[in-house]
Amino acid sequence: MKIEIDYDALKESVKSLIVEDDWIISNMSNVSSFIFGEVNDLNWAGFYIMRTGRLELGPFIGQPACVRIPLGNGVCGTAAALKSTMLVPDVHEFPGHIACDENSQSEIVVPIKYMGQVVAVLDIDSPMRNRFGEKEQLFFEYVAKEIERVWDKEINK
Ligand code: SME
């Protein structure tokens with residue numbers, strides 16, 4: 001039976017889970033765990049954070065992953081370089097895809113921006129080909145916007 005996810009309900013939960021006064025790493029950790037628990041058929045959910053001009057591994061749920069991704073490399077580095085969501089139905093067809101978990105078949109990466117600059121990316125992997133469609137894209141872009149909402153507070157602490 002196909003599971004229908006109520007993304008509107010998940011959005012409400014994400015909104016209350018991300019608390020402006022909490023540390024950004026705590027917010028990212030809880031969001032990773034929430035996504036992994038609520039969205040079916042995922043094998044990795046988490047963040048890479050921009051540090052000294054490249055992406056570095058942030059809070060996540062899943063198998064241990066590569067720690068550094070240069071801008072423009074892999075799906076994550078491409079999303080960060082292009083400042084736009086990358087929806088990859090089949091990772092084997094994405095030139096330069098970085099296989100951290102060889103179970104991954106499809107992937108979506110959404111950049112998180114602060115003052116026009118990419119400060120992190122949200123990365124979600126699935127062991128199913130074609131797992132992510134428009135509904136998922138809109139949901140993960142909402143999650144990214146919610147992290148953006150508290151980023152300002154974080155860096156001005
Ligand atoms: N597949 C990503 C690397 C990160 S792992 O999926 C967790 C990429 O190609 O950038």
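Just so you know, ligand 1 is whichever comes first in the structure, and atom 1 is the first atom listed for that ligand. All heavy atoms count here, side chains included; hydrogens, waters and symmetry mates do not.
- For ligand 1, the atoms sitting less than 4.0 Å from at least one non-hydrogen atom of Glu107 are 1 (N), 2 (C), 6 (O), 8 (C), numbered in the order shown with element in parentheses.
- The shortest N or O to N or O distance between Gly74 and ligand 1 is not under 3.5 Å.
- Heavy atoms only, all atoms of each residue included: Ile98 and Cys66 are closest at CG2-SG, 3.8 Å.
- Residue contacts with ligand 1 for Asp123 involve side-chain atoms from C-beta outward but no N, CA, C or O (heavy atoms, distance under 4.0 Å).
- Side chain to side chain, Ser104 and Asn43 meet the donor-acceptor criterion of an N or O pair below 3.5 Å.
- Put simply, no part of Phe60 is less than 4.0 Å from ligand 1, judged by heavy atoms.
- Taking distance alone, with nitrogen or oxygen atoms compared against 3.5 Å, Asp125 approaches ligand 1 more closely than that limit.
- Of the candidates Leu122, Val67, Val109, Leu57, Tyr48 forms a side chain to side chain contact (heavy atoms under 4.5 Å, CB included) with just one, namely Leu57.
- In the model, Ser126 has no side-chain atom that pairs as donor or acceptor with a side-chain atom of Glu107 under 3.5 Å.
- Atom 8 (C) of ligand 1 has its closest protein heavy atom at Val75 N, 3.3 Å.
- Residue Trp44 has no N or O atom closer than 3.5 Å to an N or O atom of ligand 1.
- Those atoms of ligand 1 with a heavy atom of His97 less than 4.0 angstrom away are 1 (N), 9 (O).
- Here the heavy atom of the protein found nearest to atom 10 (O) of ligand 1 is Cys76 N, 2.9 Å.
- Closest to atom 5 (S) of ligand 1, if we only count protein heavy atoms, is Cys100 SG, 3.2 Å.
- Between Arg129 and Glu93, none of the side-chain N atoms (NZ, or NE/NH1/NH2) sits under 4.0 Å from a carboxylate O, so this pair counts as no salt bridge.
- With respect to the salt-bridge test (charged N to carboxylate O, under 4.0 angstrom), the residues Lys15 and Glu12 do not qualify.
- In terms of polar-atom proximity, defined here as any N/O pair under 3.5 Å, Gly77 makes no such contact with ligand 1.
- Taking any N or O of Ala99, backbone or side chain, none lies under 3.5 Å from an N or O belonging to ligand 1.
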Worksheet item: Given Glu136 and Leu87, is the side chain to side chain contact (heavy atoms under 4.5 Å, CB included) satisfied, shown in steps?
Response: CA-CA 10 Å; Glu136 285 74 20; Leu87 198 159; over 6 Å; no

Worksheet entry | CA sep, side-chain torsions, deciding dist, call: Cys76, Val121, side chain to side chain contact (heavy atoms under 4.5 Å, CB included) | CA-CA 7 Å; Cys76 291; Val121 300; 4.2 Å; yes

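- One finds no salt bridge joining Glu148 and Lys113 here, because no Lys/Arg side-chain nitrogen approaches an Asp/Glu carboxylate oxygen to under 4.0 Å.
- Annotation: atom 3 (C) of ligand 1 to nearest protein heavy atom, Ile98 O, 3.5 Å.
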